[in-house]
Amino acid sequence: MRTQVGIIGAGPAGLLLSHLLHLRGIESVVLESRTREQIESTIRAGVLEQGTMDLLTEAGVGARMKAEGALHHGFELAFEGKRRRIDLTGLTGHSITVYAQHEVIKDLVAARVAADGALRFGVSETSLHGIDTDKPSIRYRHEGEACELQCDFVIGCDGSQGVSRASIPQALRKDYERVYPFGWFGILCEGPPSSDELIYARHDRGFALISTRSPNVQRMYFQCDPKDSVENWSDDRIWAELHARVDSHDGQKIVDGKIFQKNIVGMRSFVSATMQHGRLFLAGDAAHIVPPTGAKGMNLAVADVRVLTQALDAFYVDSRADLLERYTETALKRIWRAEHFSYWMTSMMHRVEGASPFEQQLQVAELEYVTTSRSAATAMAENYVGVAGAQAS
Ligand code: PHB
């Protein structure tokens, strides 16, 4: 089989790229190792920057996000028993939408299916061939048959454990990584929101985050040992921990509810500074990982796709290869800004085992500063909404 662009991975990056290319008359095939049910139900984060919403809307998949997502104009920072608001819209003119990643995936899959897009689920034994020639191909197994997809370009959107990044010769790769000594315990629970806006809390017991999914379903997290097990945490123990970390001295309390999902995720920062090799280009988690504190993961994947779509469009429509050649350089500017911001938020908000009382007071001093200085608050807000730095244009 032959196509123009072979895409590995049906996450937000792979699906959105496939759909944007389709709207420009460029053909693609998406290969995914999991089933449709699996990708549509995996629980991930859910904050969309304005630029992400704009691109989803441009792709024609923004209707449900607008109807069901919650538009937020600020968030709260909780520390030392008080809460202070960061006025995102007042400081930057932009807002964010809380809409779960698997809902974005459902909307994109529906759009690809409605457009008769080629989307293969449950593929295995995927391997890349000839990526340093102008005739690359992808071999894989699908429904028991050995298949080969010949294409002009291969786009690796298959996450950090996928085959794409691993197909770039090790000697040509430059990776940067930091692993954090803590994880996030996430819950989904029934009940009303505890607050109109997200609450990021710093406490001597550790970080906590109050987020939302709908008027009746809430998403909350608290810092934990990444090796801990969900079985060690009864519902009562979870609520006691969340109350201890988030409730304010003036009596503002989070609202308990029936917990129906628990999971633990590790935290890592990672950048592959080699995002392209020959006819292979990496996008999203295949090239970079951020800790979830800055809410940047899906937004970075979508930003890569924006750059790639323009570059592939220039190649096919204007026979220009220069944008493709500059893909890594262009994408890395935004990626490193988001890496720094996510690292900074993480460092300011989390309890570090063995941190001295002096270091703990520095975290509090920094929170005092970003919540009282308009310029410090603006710096935080423009990073959070995704318009910081030269890459914003
Ligand atoms: C979420 O709602 O899952 C969420 C929100 C904000 C974050 C991370 C996760 O920073």
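For ligands, and for the atoms within them, numbers begin at 1 and follow the listed sequence. Atoms considered below: every heavy atom in the structure, side chains included; atoms not considered: hydrogens, waters and symmetry mates.
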Walk me through it: do R64 and Y99 pass the test side chain to side chain contact (heavy atoms under 4.5 Å, CB included)?
-> CA-CA 10 Å; R64 210 163 62 90; Y99 186 62; 3.2 Å; yes

Do the ring centers of F207 and F182 come within less than 6.0 Å of each other?
-> no

Would the W233 and F185 ring centres measure less than 6.0 Å apart?
-> yes

CE on M53 to OG1 on T97, rounded to 0.5 Å | 3.5 Å

Test: R34 and E32 ion pair at under 4.0 Å = yes

Residues R141 and E145 bridged, charged N to O under 4.0 Å = no

Of all the atoms in ligand 1, which lie at a distance below 4.0 Å from a heavy atom belonging to [X]?
| X | answer |
| --- | --- |
| T293 | 10 (O) |
| A295 | 7 (C), 10 (O) |
| L198 | 5 (C), 6 (C) |
| W184 | 8 (C) |
| R213 | 1 (C), 2 (O), 3 (O) |
| A45 | 3 (O), 9 (C) |
| G46 | 1 (C), 3 (O) |
| V47 | 5 (C), 6 (C) |

Please determine if [X] has a nitrogen or oxygen closer than 3.5 Å to a nitrogen or oxygen of ligand 1.
| X | value |
| --- | --- |
| R44 | no |
| P292 | yes |
| Y384 | no |
| T212 | no |

Looking at Y343, Y176, Y180, which one forms a side chain to side chain donor-acceptor pair (under 3.5 Å) with S269?
-> Y180

Within the side chain of D225, is there an N or O that forms a donor-acceptor pair under 3.5 Å with the backbone of K227?
->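 Here the side-chain-to-backbone pair exists.
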
In terms of hydrophobic clusters joined by side-chain contacts under 4.5 Å, are V265 and V47 together?
-> yes

Are V317 and V307 linked, directly or through other ILVMFWY residues, by side chains that come within less than 4.5 angstrom of each other?
->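 In one cluster with V317: V307, no.
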
Check whether any heavy atom of Y99 sits under 4.0 Å from an atom of ligand 1.
-> no

Can you report which non-hydrogen protein atom sits closest to [atom], along with the distance?
| atom | value |
| --- | --- |
| atom 6 (C) of ligand 1 | Y200 OH, 3.3 Å |
| atom 3 (O) of ligand 1 | Y221 OH, 2.5 Å |
| atom 2 (O) of ligand 1 | S211 OG, 2.6 Å |

